[in-house]
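Read the structure below first, then the notes.
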Amino acid sequence: NWFQRAADQAPHKPDILGNLGMVRWMQNRVEESYEILVRAAAKGYQSNLGHYILGTIGIEKGESRQSVEHLKKVSSDRFPFRDLYLSIALRNSGKIKEADQTYQNFLRHNPAPLLITSR
């Protein structure tokens, strides 16, 4: 409620709006979070978590080009699945070679054990 009140009182302040967007995301109000973070980013809001949220939700919404822009602004060291999501957004944007390189980078940093099954 406090962030909502602050955003209502100062709708031109990107930091307040961005913080409200992240709170909405934590409350699992994904659509509302996305809309607020888009407005905040348009006003200059810069946050690693904000860009990560915009990038991942944007993939689901089919906004791959914007997702690429947002995900490229965050570090894969801080966000271990960043390269996986970025590879999806790149592939959806038609950048197949860059998508493959990004996915390989994800696998190098997050090796999955080989699963062998026998019947």
Side-chain angles (χ1 to χ4, degrees):
N1 287 335
W2 290 105
F3 278 118
Q4 184 64 59
R5 288 180 190 169
D8 291 343
Q9 294 294 317
H12 57 282
K13 295 203 173 198
D15 289 343
I16 293 172
L17 203 56
N19 288 334
L20 174 62
M22 286 198 277
V23 167
R24 293 295 184 242
W25 182 73
M26 289 179 218
Q27 293 172 329
N28 204 27
R29 295 163 67 173
V30 176
E31 188 65 34
E32 189 177 352
S33 168
Y34 185 80
E35 291 172 12
I36 293 169
L37 285 170
V38 165
R39 287 194 329 248
K43 294 177 185 218
Y45 181 66
Q46 295 292 320
S47 160
N48 287 324
L49 180 57
H51 285 299
Y52 188 74
I53 292 169
L54 286 170
T56 56
I57 295 174
I59 292 170
E60 185 177 334
K61 295 177 76 53
E63 298 177 3
S64 299
R65 288 187 183 138
Q66 292 89 342
S67 292
V68 168
E69 290 175 24
H70 289 292
L71 290 169
K72 282 187 172 184
K73 293 180 181 179
V74 298
S75 167
S76 59
D77 293 334
R78 257 189 103 201
F79 298 90
F81 290 96
R82 175 258 196 187
D83 285 341
L84 176 62
Y85 292 124
L86 180 57
S87 71
I88 294 167
L90 287 164
R91 185 169 302 281
N92 292 345
S93 297
K95 298 178 179 180
I96 306 302
K97 185 175 181 179
E98 191 177 352
D100 289 342
Q101 292 170 340
T102 305
Y103 183 68
Q104 291 302 317
N105 192 45
F106 170 74
L107 290 178
R108 273 192 299 281
H109 290 96
N110 302 284
L114 180 61
L115 300 175
I116 301 175
T117 61
S118 61
R119 291 186 173 216

ask   = Do the ring planes of Y52 and F79 sit parallel (below 30°), tilted (30 to 60°) or perpendicular (above 60°)?
value = parallel

ask   = With a 4.5 Å limit on heavy-atom distance, are the side chains of L71 and I59 in contact?
value = yes

message = For Q27, is the CD atom crowded, meaning more than 12 foreign heavy atoms sit under 6.0 Å from it?
response = yes

key: pair R24-E31: side-chain heavy atoms closer than 4.5 Å   = no

query = Side chains of Y34 and E63: does their closest heavy-atom pair fall under 4.5 Å?
reply = yes

inquiry  = Between R82 and D77, does any NZ, NE, NH1 or NH2 come within less than 4.0 Å of an OD or OE carboxylate oxygen?
reply    = no

request  = Considering non-hydrogen atoms only, spot the tightest contact between A99 and L90 and give its length.
outcome  = CB-CB, 3.7 Å

ask   = Transitively linked via ILVMFWY side-chain contacts under 4.5 Å: V23 with V38?
value = no

ask   = When you check the side-chain N and O atoms of Q46 and H51, is any donor under 3.5 Å from an acceptor?
value = yes

query = Out of curiosity, does Y45 fall in the hydrophobic cluster containing I36 (side-chain heavy atoms, cut-off under 4.5 Å, transitive links)?
reply = no

More than 12 heavy atoms from other groups under 6.0 Å of CZ on R65 = no

message = Is it the case that the side chains of D100 and Q104 hold a donor-acceptor pair, with the cut-off being a distance below 3.5 Å and no angle test?
response = no

